[in-house]
S.K.: 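I'd like to ask you about the structure that follows.
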Amino acid sequence: MSSIAGERPLPVEKGPLWQLGLMLSVMVGILFYMAASLSIENDASDLFNNLTRTSQKNITSRLKSYANLLRGTASLFRANEHVSREQFHRYVANMALPQNYPGVMNLNYSRALEHAQRAAFEAAMQRDYPPGRDGYPAFAIHPPAPRPRYSVLVYLAPIASTPDKYGYDIAERALIAEVLAQSRDSGQISNSGVPVPMQSQPQLTGMAMRLPVYRFGMPTDTVAQRRAAYQGSVGIGYDLVTMIRTALADMPVRNVRLTLFDIGSRTPGQLDKPLDLPHTMRPIFDSTTADVQIPWWLPSNSGQYLSSTKLIEHNGRVWQAMFSVRKSELYTRFETFLPWLALLTGFSGTMLLYMLFHTMASSRQRAVQMAMGMTQELRASQIRLQLSHQKLRRLAAHADRAKEEERKRIAREIHDDLGQNLLVLRIDADMLASRTQRHHPRLNARARSTLAQIDATIKSVRHIINDLRPTVLDLGVNASVEWQVTQFCRRTGIACEVSESHDDIFLSDECATALFRILQESLSNVFQHANASRVQVKLEKCHDSVSLSVSDNGVGAAINGRNKPGSFGLVGIEERIKLLGGTFYIESSPGAGMSVRVSVPLNADASAFPYQDERRA
């Protein structure tokens with residue numbers, strides 16, 4: 001120690017060391033800044049993807065509701081042989097379109113005609129529905145040029161939305177006529193795909209969906225049958241802007257831009273593969289205002305934006321939706337400053353650690369001296385703790401002996417005093433019952449009842465005496481083990497097997513009582529926790545020791561289960577055995593039962609063993 005105390009610390013060049021610590025702290029701070037920034041950006045990206053996925057589901061749900069509305073309207077015509085214009089209007093009014101289907105501007109029905117039917121149909125419509133009725137203008141098919149086939153709009157509700165479409169032949173354009181023919185043959189919904197021009201309301205982005213209507217009661221299983229039963233189609237016109245904005249109303253993030261493209265028909269297996277669209281492609285919907293002149297493709301190529309592309313299935317067509325938002329819109333105020341806070345934390349923490357390391361390295365000698373002093377104190381504390389532990393064990397042994405003596409004394413007093421008094425009382429009650437049997441039946445019944453109560457009390461007293469200290473302990477450890485196992489089997493119904501030495505084992509009263517209590521605690525644990533159906537108890541004498549084992553076929557338990565809080569049964573067994581100078585062993589695993597084995601010397605003395613340990617300490 002003198003040589004260590006006399007050592008002089010080596011000279012340290014403070015300049016280069018402090019520069020190294022500063023550089024290291026700056027590097028760690030930068031790493032913390034980058035890690036925090038990346039983590040925040042990843043969290044924001046995940047949040048944005050979840051929000052866009054929810055918006056995608058909302059749009060898809062809204063489109064499905066429109067399709068269901070169209071199918072319901074087609075069912076109206078399929079369920080009735082003739083649906084009048086008044087019935088159609090009442091049906092649409094009951095649907096409450098503004099409340100239940102935001103964005104739907106009108107429902108309509110178009111009648112399919114051949115050229116030969118045109119003149120008669122126009123005359124019938126002009127006769128049955130004169131101008132002004134229900135707000136409709138005069139009926140006339142337009143454009144007026146003759147065509148082989150027509151699909152004329154005859155019912156529109158509300159008519160005020162598009163009165164100019166009354167009598168319009170939607171099959172006038174060859175492309176639309178072809179789409180209607182495909183829908184007629186397949187029975188599926190057809191979509192306009194691109195916005196429909198609306199001369200009366202040019203500010204709206206109109207879209208259309210149509211579903212074929214077949215005649216009442218006619219089969220539609222094959223293409224030929226569907227063509228023969230075809231009488232027209234029902235359609236809806238909806239404002240794409242209103243529909244999209246209502247679907248995005250629950251978006252909690254502000255200034256999210258949605259650009260929507262119609263990319264045509266795709267197979268179901270391709271719905272999860274967005275296309276790389278050319279920059280010249282024009283969207284069918286863009287949520288940006290007119291004064292924002294940012295190309296739709298710019299946010300996905302900018303580091304300041306987060307973008308997410310989703311595909312939306314729309315009755316055979318696919319829309320590609322591109323969501324974009326500035327990253328700053330997703331950051332909270334705390335997240336904005338978190339990277340700088342992480343930089344400061346990394347720099348400060350590394351600098352403090354470096355200073356601590358430098359200080360510890362320069363004070364090695366003092367640390368060694370302190371460690372040696374602490375080691376000496378630890379050893380002294382360990383000795384004191386061991387002595388205290390032995391005193392506690394000695395106190396526990398004394399408490400156990402006092403408890404057993406007190407049990408023995410109470411059992412003896414109950415037997416000698418209370419037992420004798422109860423016996424005398426029973427004799428008197430029995431005599432009273434015998435003398436009143438013939439002449440006093442009511443008194444005799446009362447005496448018999450009292451006699452039964454006395455017998456029950458005597459039986460209860462015997463149980464109490466056996467619980468305090470069974471008298472069978474005076475007959476030896478062999479008899480006490482057999483009695484305890486018999487009582488356990490009778491009380492619980494669990495099959496028990498006893499295996500013991502043929503010779504009587506002579507032990508001190510204290511040792512026999514300890515083995516009896518250990519057996520009692522072990523059987524109690526089996527009944528309460530093991531869920532066993534069979535128990536085997538072995539009592540063996542080997543040379544100068546006696547061993548007792550209790551095995552069951554129950555659920556078993558982990559070995560360290562005896563150390564959990566509130567578990568004192570196995571701990572109590574172990575302490576009893578240690579006080580007698582014996583050994584304690586448990587073999588168990590979950591599902592394989594448990595075996596508790598104890599062994600004590602024949603001449604065990606609990607009063608001497610703790611003192612031996614204390615002297616060794």
Side-chain angles (χ1 to χ4, degrees), residues 399-498 500 504-535 537 539 548 550 552 569 572:
D400 282 340
R401 287 196 300 273
K403 182 171 65 175
E404 291 297 338
E405 290 296 331
E406 186 66 16
R407 283 181 173 181
K408 186 187 298 183
R409 183 187 66 79
I410 295 173
R412 185 170 57 251
E413 290 184 359
I414 292 176
H415 180 271
D416 294 343
D417 296 339
L418 183 59
Q420 295 298 329
N421 293 336
L422 288 173
L423 183 59
V424 171
L425 188 61
R426 189 190 186 286
I427 293 173
D428 293 342
D430 187 52
M431 291 177 61
L432 180 61
S434 298
R435 292 178 180 180
T436 58
Q437 182 175 4
R438 295 182 179 180
H439 305 291
H440 302 282
R442 294 180 63 185
L443 183 59
N444 179 262
R446 186 65 178 175
R448 293 293 178 187
S449 175
T450 304
L451 188 62
Q453 291 292 334
I454 295 172
D455 288 339
T457 305
I458 292 174
K459 186 176 180 181
S460 177
V461 168
R462 288 176 180 172
H463 279 301
I464 294 173
I465 293 174
N466 281 331
D467 288 341
L468 288 172
R469 187 182 187 276
T471 56
V472 73
L473 282 173
D474 298 330
L475 301 178
V477 68
N478 300 68
S480 62
V481 167
E482 291 180 357
W483 179 84
Q484 178 63 34
V485 172
T486 302
Q487 293 295 319
F488 174 78
C489 182
R490 183 181 303 166
R491 186 175 66 256
T492 63
I494 299 176
C496 298
E497 178 184 353
V498 181
E500 60 179 349
D504 289 338
I505 302 174
F506 299 99
L507 297 173
S508 65
D509 183 68
E510 185 177 8
C511 187
T513 302
L515 288 178
F516 179 81
R517 296 301 182 192
I518 290 171
L519 175 61
Q520 197 175 42
E521 180 66 29
S522 299
L523 292 177
S524 177
N525 287 339
V526 170
F527 175 67
Q528 293 179 8
H529 309 293
N531 194 21
S533 61
R534 187 177 71 256
V535 179
V537 180
L539 180 66
L548 173 68
V550 180
D552 64 76

S.K.: Rounded to the nearest 0.5 Å, how far apart are NE2 of His529 and CG of Asn531?
M.R.: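 Reported to 0.5 Å precision, the distance equals 12.0 Å.
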S.K.: Could you check if a side-chain atom of Leu423 sits within less than 4.5 angstrom of a side-chain atom of Ile454, using non-hydrogen atoms only?
M.R.: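 Side chain of Leu423 against side chain of Ile454, heavy atoms only: no contact under 4.5 Å found.
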S.K.: Looking only at heavy atoms, what is the nearest atom pair of Leu523 and Phe488, with distance?
M.R.: O-CE1, 3.3 Å
S.K.: Mind checking the CG-CD1 spacing from Leu451 to Ile427? Nearest 0.5 Å is all I need.
M.R.: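 Answer rounded to 0.5 Å: 11.0 Å.
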S.K.: Pick out which of Val535, Thr486, Val485 makes a side-chain contact (heavy atoms from CB on, under 4.5 Å) with Val498.
M.R.: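 Going through the options one by one, the only one that passes is Val485.
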S.K.: Could you state the interatomic distance from CG (Leu548) to CD (Glu500), rounded to the nearest 0.5 Å?
M.R.: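 CD of Glu500 is found 11.0 Å from CG of Leu548.
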S.K.: If I take atom CG from residue Asn478 and atom OG from residue Ser480, how far apart are they, to the nearest 0.5 angstrom?
M.R.: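 Here the interatomic distance stands at 7.5 Å.
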S.K.: Is a donor on one side and an acceptor on the other found under 3.5 Å between the side chain of Thr457 and the backbone of Gln453?
M.R.: yes
S.K.: Output all residues satisfying side chain to side chain donor-acceptor pair (under 3.5 Å) with Ser533, sequence neighbours left out; order by chain, then residue number.
M.R.: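 Once residues adjacent in sequence are excluded, the partners of Ser533 under the side chain to side chain donor-acceptor pair (under 3.5 Å) criterion are Asn553.
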S.K.: Donor-acceptor pair, distance only, cut-off 3.5 Å: does the side chain of Ser524 make one with the backbone of Gln520?
M.R.: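 Checked: no pair found.
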S.K.: More than 12 foreign heavy atoms under 6.0 Å from CZ of Arg446: is that the case here?
M.R.: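 Atom CZ in Arg446 is not packed in, count stays at 12 or less.
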